[in-house]
Amino acid sequence: MILYIEGHSFKYELENICRLFFTFEKIEVVGKKTTTETDRKASAVRRTFDDKAELYVEFCDKGYKKEDSTTLLLDTPDFEKECERILAVMLYKLLCEFTDAEPKWGILTGVRPGKLMRRMADSEGEEAAVNYFTEKLLCSREKIDLALEASRTEESIINLSRPDSFSLYVSVPFCPTRCSYCSFVSHSIEQAKKLIDPYVNLVCKEIEYTAEIAKRLNLHLETVYIGGGTPTAISAEQLDRIMTTINGSFDLSGCREFTVEAGRPDTVTDEKLAVIKKNGATRISINPQTMSDHVLENIGRRHTAEQTISAFNMARRHGFDNINMDLIVGLPGDSYQSFCETMDKIRSLDPESVTVHTLSMKRSSRMTMGGDLPEAELGRVAEEMLRFAKSELKKSGMNPYYLYRQSKTVGNLENTGFAKTGYEGLYNIYIMDETHSILACGASAVTKLRSQGGYIERIFNYKYPYEYIDRFEEMLNRKQGIERFYEAYPIE
Ligand code: SF4
């Protein structure tokens, strides 16, 4: 598809609008008439005359052609932003008509709808925020209610954070095998065997180094999250080394939450659960993604639904009373019926929280869209699944508490965390809201520093374990940036 733009710089937003409808199609954005041959073309043009601008959009596909236009006075408040929004709305409407689809988030393409809702409600009141989402962004009432509900819970958790708070993230980028939809930096255990032990040694050093910095700055540790990858893919002894190092170097006395992502059920053993428990984790996540064995097979996860059930029961026996489970809608070979069965099985286990993701097809994932359904139909089924998930989880006493969106998801849908009251994943909210600094250790980890005024600076670790190992000292040096940041933006 070609997107032609003229007279403005809203390339990014308008390309995203096209992507809502043609998620997996290559979109070439051009600034002048092109000779590239394609059946599908959209144009978004702004031309200025005297005191006003003419805004024009057009969409063509083979013999099909539709257009729309309007004018906007140059002295309109927030003129640039309004032009961008109006062009997006006009293009969106043309594409809805052509594809017979109506993305439920309207023209909202940002990743944090809850945050936007909260910010608007704080400054202009909830009613004005709802009106803006409805009339200007064309969001459906269902999604607005979801954003409202999540943003209210988020707010109470955000308020727990202090000016000197931070969270610690530790990355374990190894998995038993690679899932076909995975877009993370994660190495299969078999391939990376030799790297794991040196990696664990260095990550422990980095944890100690980071703890010294946090101590010098008098920062207060709010939450800890060991994620991946699959942290339980490494041995119990290696996991113990990481967790003991965290305990030995940070002051955990005021820490509200310590999560270990157990991830793949086939990696959960009595020995590892004992290590996690002994080291003080308060929350674990066991992630089935689906309880349909044929779907698990389709996505290359070499475990069964039965293994999920036994991992969950094992965790309960070890005394874990805060267990999260992750699910994905839109997986290849899944149907509405089999998703309902998944949901029944999850509810019968009765976890404290469930995170429902929509499949995101990032460029680095090896899977192409599965199933025979066309894109719009797949989106509709995924939407039904999300609706069912929400109503069933509500019956289990869970409410939406955090919400985010990724690009290239089936049906342009969202990811939502549901939890029973008091079991919300605090770290999830802090990272998504950018409430406070996240000090991160390990390969592909990103330290995100946040000033009290909301300014964000990032320090990137090397992405792959072999780079992380080879260039460890250089990477530690980068971490001195944490102290420089707090010198420039002192905590008041
Ligand atoms: S378990 Fe998660 S991180 Fe590991 S391969 Fe699968 S999707 Fe990727």
Side-chain angles (χ1 to χ4, degrees), residues 169-193 195-196 199-200 203 225-235 238-239 242 259-269 272 276 284-305 307-308 311-312 315 323-334 342 346 354-370 404 406-410 415 417 425 427-428 431 440-446 461 463-466 468:
Y169 177 82
V170 177
S171 159
V172 180
F174 305 105
C175 287
T177 53
R178 201 164 153 81
C179 306
S180 49
Y181 58 86
C182 183
S183 62
F184 298 109
V185 174
S186 184
H187 286 45
S188 85
I189 288 283
E190 287 148 43
Q191 278 174 356
K193 229 176 205 149
L195 295 179
I196 300 176
Y199 179 82
V200 169
V203 101
Y225 194 102
I226 306 184
T230 306
T232 40
I234 59 177
S235 73
Q238 288 161 336
L239 187 57
I242 294 177
T259 300
V260 177
E261 215 178 316
R264 299 261 285 255
D266 46 341
T267 62
V268 177
T269 63
K272 291 177 200 173
I276 297 170
I284 59 168
S285 193
I286 295 174
N287 303 330
Q289 314 303 11
T290 168
M291 293 297 270
S292 297
D293 286 341
H294 75 280
V295 181
L296 284 169
E297 205 172 308
N298 285 350
I299 57 176
R301 279 171 79 98
R302 292 194 205 140
H303 66 83
T304 59
Q307 278 174 294
T308 301
F312 186 90
I323 306 179
N324 173 72
M325 300 185 96
D326 276 6
L327 294 177
I328 301 179
V329 305
L331 289 172
D334 207 1
T342 287
I346 296 295
V354 173
T355 310
V356 186
H357 296 91
T358 303
L359 183 67
S360 168
M361 302 299 304
K362 294 281 169 60
R363 213 169 311 159
S364 56
S365 90
R366 291 176 293 126
M367 193 171 72
T368 51
M369 272 326 273
Y404 72 99
Q406 286 166 285
S407 61
K408 296 194 174 183
T409 54
V410 174
N415 304 323
Y427 175 83
N428 290 336
I431 182 101
C441 300
S444 77
V446 181
N461 279 8
K463 209 169 169 186
Y464 299 101
Y466 68 88
Y468 177 84

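One-based numbering, in listed order, for ligands and for the atoms of each.
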_Rounded distance [0.5 Å steps], CG in L327 versus CG in N415_ = 11.5 Å

*Heavy atom of the protein closest to atom 8 (Fe) of ligand 1 (residue, atom name, distance)*: C182 SG, 2.3 Å

_Need the ligand 1 atom indices (1-based, order shown) with element for anything under 4.0 Å from a heavy-atom of R301._
1 (S), 6 (Fe)

*Can Q406 and T409 be counted as having a side-chain donor-acceptor contact under 3.5 angstrom?*
no

*Tell me, which protein residue and heavy-atom name are nearest atom 6 (Fe) of ligand 1, and how many Å apart are they?*
C179 SG, 2.3 Å

_Atom pair CD1/CD1 of I242 and I234 - distance to nearest 0.5 Å_ = 4.0 Å

*Can you check whether C175's main-chain N or O pairs, donor with acceptor, with T230's side chain at less than 3.5 Å?*
no

*Please work out whether any backbone atom (N, CA, C, O) or any side-chain heavy atom from C-beta onward of C175 is under 4.0 Å from ligand 1, and answer side chain, backbone, both or neither.*
side chain

*Does ligand 1 have an atom that lies less than 4.0 angstrom from a heavy atom of G229?*
yes

_Please list, in number order, the atoms of ligand 1 under 4.0 Å from a heavy atom of T177._
5 (S)

*In sequence, state the C-alpha distance, the side-chain angles, and the governing distance for F312 and V268, and then conclude on side-chain contact (heavy atoms from CB on, under 4.5 Å).*
CA-CA 9 Å; F312 186 90; V268 177; over 6 Å; no

*Under 4.0 angstrom from ligand 1, any heavy atom of N287?*
no

*Point-to-point distance, once rounded to the nearest 0.5 Å, from CZ of R301 to CG of L331*: 9.0 Å

*Scan the protein's non-hydrogen atoms and note whether one is under 4.0 Å from atom 2 (Fe) of ligand 1.*
no

*asked:* Under a 4.0 angstrom heavy-atom cut-off, which atoms of ligand 1 come close to R264?
replied: 1 (S), 6 (Fe)

_Can a donor-acceptor pair be found, under 3.5 Å and without considering hydrogens, that links the side chain of R264 to the backbone of T177?_
yes

